[in-house]
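What follows is a set of notes on a single structure, which appears directly below.
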Amino acid sequence: MRIEKVDVIVTSPGRNFVTLKLTTGDGVVGLGDATLNGRELAVASYLRDHVAALLVGRQAHNIEDTWQYPYRGPYWRRGPVTMAAIAAVDMALWDIKGKVAGLPVYQLLGGRSRRGALAYGHASGTTVEALFTAIRNLRDDGFKAIRIQAGVPGLARVYGVGSDQLAGQRYDYAPAARTTVPVEEDWDTAAYLRHIPGVFEAVRAQFGADLLLLHDAHHRLTPNQGAQLGRALEPFDLFWLEDCTPAENQEALRLVRQHTTTPLAIGEVFNTVWDYQQIIREQLIDYVRSSVTHTGGITHVKKLLEYAAQYQIKSGMHGPTDVSPVGMAAAMHLGMSIHNFGIQEYMKHGAKTDLVFEQSFTWTDGLLHPGAKPGLGVELNVDEAGKYPYEQAYLPYNRLADGTVHDW
Ligand code: GCO
Ligand code: MG
C-alpha cells in the first residue's frame, strides 16, 4: 500500500493550523498535525518543498523506516520545524494503519491502559473574583485539574491570562495576536513572585484540597527564582510547576530541585528525546511536556515516554489550542496506551475549528477518550478549511521595565 498523494493544508479557523494529508493508492487518507505557532508557513514549506517528494511511492505501512528516513537522511537534524514536519508524517501513517486495520490507534500501540485520560483546563483572571468564576466554569464542565494563571498588579497584561469571565462566557484566550510583527508586553519578575503565592492561597482556601492545581511560569525565572517560587507554593500542594526556567539549560533544574519538592514539568519547546537526556537521567523533573505535534509524532514521543518511565517520570503532554484536533487525538491515543500517563492539557477549540476538523473524541467526567473510530478518529473538512486562509499571528514578546528583552 503506497502513498500516492501528499497535500499540505493551511487553514485559520480562529487560529492557524497546518495539516498533512496523505492518500494511498487505494484511497485511504491519513492526517497529521504540523502546526508550529508563529512558524506555520516554515513547516508547510518544509513539508511541501523537502519532504513530500520523499513520501510519494513509499510503503505506507513502514512507519519506523519512514520516521528514520527524513530524520537521519537529510544531514540536518532536530529543531522545531523539522520535528513538527516529521511528527505530521508519523501521525498520518498511524492514522492510515489504524484505518486499514479497522482499529483505533491506541489499540495498535498496546491497547487501553486506563478508562480515559485525566485532563487539565485553563483558568485565569485579573482579579480573584474573575479567577474563581473561571475555576467554577471549568469545574462545572467536569475538570478535576485546573491550571491557574493570574494578572499581576502593575502589569497591563500577563501572558496566559485571558479576558475575565465574570459574565460566565467561554474562556476565549487567543494569545497569538494577528499582527505582522509581535506585540510587546511588559514583564516584572519580582512583582510576579510577590503576587502568585497569595493567589494559590486564596484558591486553596476557596476550593479545598481535592482540586488538582497547576501553574505555568513560561520560562521567565532564573534557577534561584524558580526554587523560591517552588518553595513558596509548597503549602498549596501543586500538581506541577511548569517551565520555571528557560528550557535549554538542563542543568538549571538541579538548583531548583535541590530546594523544592513542588513537582516540576518541562519540555513543551523541546523536540527530541535528546533535549531531555540529563533531566530524565538525573530525575530533575516529574512530567514530560512534549506534544506529539512538536516532538516527532507518536513514534518518537512513545520512545521518549518509555525512557522517562524508567525514572518514574510521567507524561504531561502539551495541548493548547495551537495543537490541532489531529494532534490532540494523537496525544490521546498515546496517552491511553502508555503505562506512565500523567495528565493531558486540554483547551477546547472554538466552534469554527470544530467544523473544519470533525472529531470523535469525547470528554466525560474529567477524562478524555479518543473514541473507537479506526485510525486517529479525526476527519478534515477540506471545503470548510478553504474558507479560512492563513493569517499572520505571533505570540507576544516581553520587555523588562528598562527595555531589556526578557525570556519566555
Ligand atoms: C501551555 C503553553 C502555551 C504556549 C503556546 C505556545 O502550557 O499551554 O505554555 O500557552 O505558550 O502553546 O504556542
Ligand atoms: Mg506551558
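Computed from a predicted model, the values in this text were never measured in an experiment. We count ligands from 1, going down the list as the structure has it; atoms in each ligand are counted the same way.
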Legend entry - Lys NZ or Arg CZ of Arg58 over Tyr69 ring: under 6.0 Å, within 45°: yes
Legend entry - Whether Asp243 has an N, O or S atom under 2.8 Å from the Mg ion (ligand 2): no
Inset, instruction - For Lys314, look at atom NZ and say whether over 12 heavy atoms of other residues, nucleotides or ligands are found less than 6.0 Å away. - result: no
Inset, instruction - Establish, for the pair Arg399 and Trp187, whether the NZ or CZ atom is under 6.0 angstrom from the six-membered ring centre and no further than 45 degrees off its axis. - result: no
Inset, instruction - Provide the number and element of each atom of ligand 1 under 4.0 Å from a heavy atom of Arg147. - result: 1 (C), 7 (O), 8 (O)
Legend entry - Angular separation of Asp216 OD2 and Glu268 OE1 about the Mg ion (ligand 2), given to 10°: 180°
Inset, instruction - For residues Trp240 and Tyr120, establish whether the separation of their ring centroids is below 6.0 Å. - result: yes
Inset, instruction - Give the contacting part of Leu395 toward ligand 1: side chain, backbone, both or neither, where contact means a heavy-atom distance below 4.0 Å. - result: side chain
Inset, instruction - Consider only side-chain N and O atoms of Asp354 and Gln359, and report whether a donor and an acceptor are under 3.5 Å apart. - result: yes
Inset, instruction - Considering just N/O/S atoms, say which atom of Glu242 is closest to the Mg ion (ligand 2). - result: OE2
Inset, instruction - Can you sort out which atoms of ligand 1 are near Pro320, meaning under 4.0 Å from one of its heavy atoms? - result: 8 (O), 12 (O)
Inset, instruction - List every atom of ligand 1 that sits less than 4.0 Å from any heavy atom of Asp216, numbering the atoms from 1 in the order shown and giving each element. - result: 1 (C), 2 (C), 7 (O), 9 (O)
Inset, instruction - Report the nearest protein non-hydrogen atom to atom 11 (O) of ligand 1: residue, atom name, distance rounded to 0.1 Å. - result: Tyr159 OH, 2.6 Å
Inset, instruction - Specify side chain, backbone, both or neither for Glu242, according to which of its non-hydrogen atoms lie closer than 4.0 Å to ligand 1. - result: side chain
Inset, instruction - Could you list which atoms of ligand 1 come closer than 4.0 Å to a heavy atom of Asn37? - result: 6 (C), 13 (O)
Inset, instruction - Would you please indicate if the ring centroids of Phe17 and Phe357 are separated by under 6.0 Å? - result: yes
Inset, instruction - Please could you name the atoms of ligand 1 that His318 approaches to less than 4.0 Å, counting only its heavy atoms? - result: 1 (C), 2 (C), 3 (C), 4 (C), 8 (O), 12 (O)
